[in-house]
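Inspection log for the structure reproduced underneath, given as structure tokens.
Every chain is numbered from 1 and lettered A, B, ... according to where its sequence line falls, protein lines coming before strand lines. Side chains are part of it too, since the values below use all heavy atoms of this structure and drop only hydrogens, waters and symmetry mates.
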2 protein chains.
Amino acid sequence: MPTKTQPAVRDEGPVPAYQRIKNHVIAQIQKGVWGEGDLIPTELMLCEQFGVSRMTAHRALRELTGAGLLVRQQGSGTYVAPIKIASTLIEIRSIAQDIRGRGHQHSCRVVSLQTVVASAEQSSRLGLRVRAKLFRSVIVHFENGTPIQLEDRVVDAARMPDYLDQDWSQLTPNEYLMHAAPAPTGYYSIEVKLPTADVAGALNVPSSEPCLVLERTTLSNGAFASHAVMWYPGSRYKLAGQIPI
Amino acid sequence: MPTKTQPAVRDEGPVPAYQRIKNHVIAQIQKGVWGEGDLIPTELMLCEQFGVSRMTAHRALRELTGAGLLVRQQGSGTYVAPIKIASTLIEIRSIAQDIRGRGHQHSCRVVSLQTVVASAEQSSRLGLRVRAKLFRSVIVHFENGTPIQLEDRVVDAARMPDYLDQDWSQLTPNEYLMHAAPAPTGYYSIEVKLPTADVAGALNVPSSEPCLVLERTTLSNGAFASHAVMWYPGSRYKLAGQIPI
DNA sequence: GAGTGGTCTAGACCACAAT
DNA sequence: TTGTGGTCTAGACCACTCC
């Protein structure tokens with residue numbers, strides 16, 4: 001059955017049933033079909049829809065609950081979690097949804113889009129072929145017109161060949177990735193840095209203002225998907241989330 | 001049904017079998033019985049030891065793997081994860097283990113230990129009784145003699161009556177909590193702040209140096225356990241971890 | 001009482017590693 | 001070949017919510 005040509009997303013073998021259900025739920029929320037606070041299908045309905053046992057449907061919903069995407073109430077049902085619970089760190093919702101969830105307006109400005117070749121350092125750190133082709137986007141996100149995040153991202157070009165053709169005013173890179181590389185895992189780090197002149201200019205802060213720098217490498221199905229460096233003005237941002245366990 | 005007296009640790013009903021196994025594994029790692037890279041018992045051994053089915057033992061190990069505490073290899077076995085994978089954010093390992101894991105020396109200085117009464121604001125934010133009794137500790141942690149974290153913590157006194165009697169040179173508050181309130185969940189936030197004069201003095205940084213401030217509220221078995229504010233010198237620290245999903 | 005989620009069992013088949 | 005983990009089933013009992 002997996003007899004695709006050279007598709008945008010590599011085929012990593014059969015996808016487990018619980019993962020297919022997770023991807024489906026994530027997609028419905030990403031697409032806005034299921035909104036914040038909405039009641040979603042019960043375990044038994046998902047069992048029928050996907051032809052699985054209840055344990056399997058339950059596992060999918062339990063894991064998404066652990067990730068802060070859903071809220072479950074015994075005797076009542078399963079709901080899309082309110083945004084305040086969603087972890088900004090995982091950013092399974094995008095910064096755009098985050099901002100809109102605060103009732104504010106999101107906009108963005110594309111600073112640059114390029115095709116680049118992985119440096120030796122990148123190749124080894126990210127587990128890429130030497131001189132692998134990457135796409136790089138630099139985008140500033142605004143909340144009510146105030147710059148709130150500078151996002152400098154590279155993605156695997158072989159895996160997402162149409163990355164540069166997206167309309168970033170309609171879709172953030174993160175939202176695009178949720179489709180192209182669903183259910184990511186990976187690593188992050190958070191530190192305080194003074195902005196470079198470019199970053200300070202883009203965020204419209206003095207270069208003396210310390211920034212929160214969130215760096216994140218995401219893998220999907222075990223292979224490199226994306227590396228992002230996100231700069232937030234220290235005076236205007238706070239990262240919050242749920243402790244995962 | 002909740003008709004208990006006021007015990008040190010509230011009884012929240014029977015603990016699920018998978019949770020008992022998780023607590024056991026966490027405790028073995030915390031106590032150092034199982035060290036980094038060690039092979040731990042197989043699912044079938046845990047099935048026998050705890051008298052559960054394989055699905056239950058598997059769930060416990062899978063969740064701990066998701067939390068970055070274990071690494072599993074099909075065909076081989078389950079191992080304690082290397083420290084670099086352990087999330088500093090969850091701090092399921094303590095800062096002391098973190099520092100020792102880098103091959104450095106950990107020490108600490110107790111700034112203050114007090115009994116305090118929850119303010120109205122704390123009571124509502126943390127879900128406590130009004131004027132609940134709390135213990136507060138303020139401790140500076142050093143890495144090779146350099147101050148690296150100021151930890152300002154309050155815990156529920158009813159739940160941890162012996163909190164103030166601990167020898168903090170032998171055990172960090174976090175390590176104590178891993179015993180008194182195992183397998184915590186909760187919320188965190190991370191932001192950049194300039195230190196107060198007290199904080200700057202304790203960390204031995206100029207009051208112009210921005211700090212990374214990690215605030216964390218932990219619950220155990222659904223009830224408040226601890227609230228901590230941790231200050232890190234921005235120039236000397238980076239938080240890193242795994243993306244949970 | 002009917003429906004929901006929370007947990008658990010006792011099997012099963014598979015992919016993979018060690019031997 | 002044996003043992004490991006990865007997944008999955010078809011039931012079960014329970015606590016809880018809603019009607």
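In this structure, A:R20 places its CZ atom 12 Å from C1' of D:dC8, rounding to the nearest Å. Per the geometry, CD belonging to B:E43 stands 16 Å off P belonging to C:dA17, to the nearest Å. If you measure from atom CG of A:L70 to atom P of C:dG5, you get 11 Å, rounded to the nearest angstrom. We find that CD1 of A:I40 is positioned 13 Å from P of C:dT4, with the value rounded to whole Å. The CZ atom of A:R72 sits 18 Å away from the P atom of C:dG3 (whole-angstrom rounding). In this entry the distance linking CG of B:L61 with C1' of D:dT4 reads 12 Å, nearest Å. Taking atom CD of residue A:E63 and atom P of nucleotide C:dG6, one finds them 13 Å apart after rounding to whole Å.
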Hey, what are the protein-to-nucleotides 17-19 of chain D N/O distances that come in under 3.5 Å?
| residue | atom | partner | partner atom | Å |
| --- | --- | --- | --- | --- |
| D:dT17 | O4' | A:G75 | O | 3.4 |

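Ranking C:dT7, C:dG11, C:dG5 by closeness to the B:M55 side chain, first place goes to C:dG11.
At C:dC8, none of the side-chain N or O atoms of B:Y18 fall inside 4.0 Å of OP1 or OP2 (strictly under the cut-off). Here B:R59 reaches the OP1 or OP2 of C:dT7: one of its side-chain N or O atoms lies under 4.0 Å away. A close approach under 4.0 Å does occur between a side-chain nitrogen or oxygen of A:H58 and OP1 or OP2 of C:dG6.
Cation-pi check for B:R216 over B:Y188 is not met; the charged atom does not lie both under 6.0 angstrom from the ring centroid and within 45 degrees of its normal.
Test B:T217, B:D156, B:D152 against B:H227 for side chain to side chain donor-acceptor pair (under 3.5 Å) and you get one pass: B:T217.
Side-chain contact, A:Y18 with A:N23: no donor N or O sits under 3.5 Å from an acceptor N or O. Side-chain contact check for A:R131 and A:S123: no donor-acceptor pair (N or O, by modelled atom type) lies under 3.5 Å.
Using a 4.5 Å heavy-atom cutoff, the side chains of A:H141 and A:Y232 are not in contact. Taking 4.5 Å as the limit, some side-chain heavy atom of B:D162 sits within range of a side-chain heavy atom of B:Y176.
Annotation: proximity of residues 44-53 of chain A to DNA chain D (heavy atom, distance under 4.0 Å) is found for A:G51, A:V52, A:S53, numbered in ascending order.
A residue-by-residue look at A:A17 and B:G77 shows that B:G77 has its nearest nucleotide of DNA chain D further toward the 5' end.
With hydrogens and angles left out, the side chain of B:R54 and the base of D:dG6 share a donor-acceptor pair within 3.5 Å.
In this structure, B:E48 places its CD atom where only 12 or fewer heavy-atom neighbours from other residues, nucleotides or ligands lie under 6.0 Å away.
Ring-plane geometry between B:F50 and B:H24 is classed as perpendicular, the angle between the planes exceeding 60 degrees on a 0 to 90 degree scale with a lower cut at 30.
Looking at A:E63 and B:R62, a side-chain N of the basic residue comes within less than 4.0 Å of a carboxylate O on the acidic one, giving a salt bridge.
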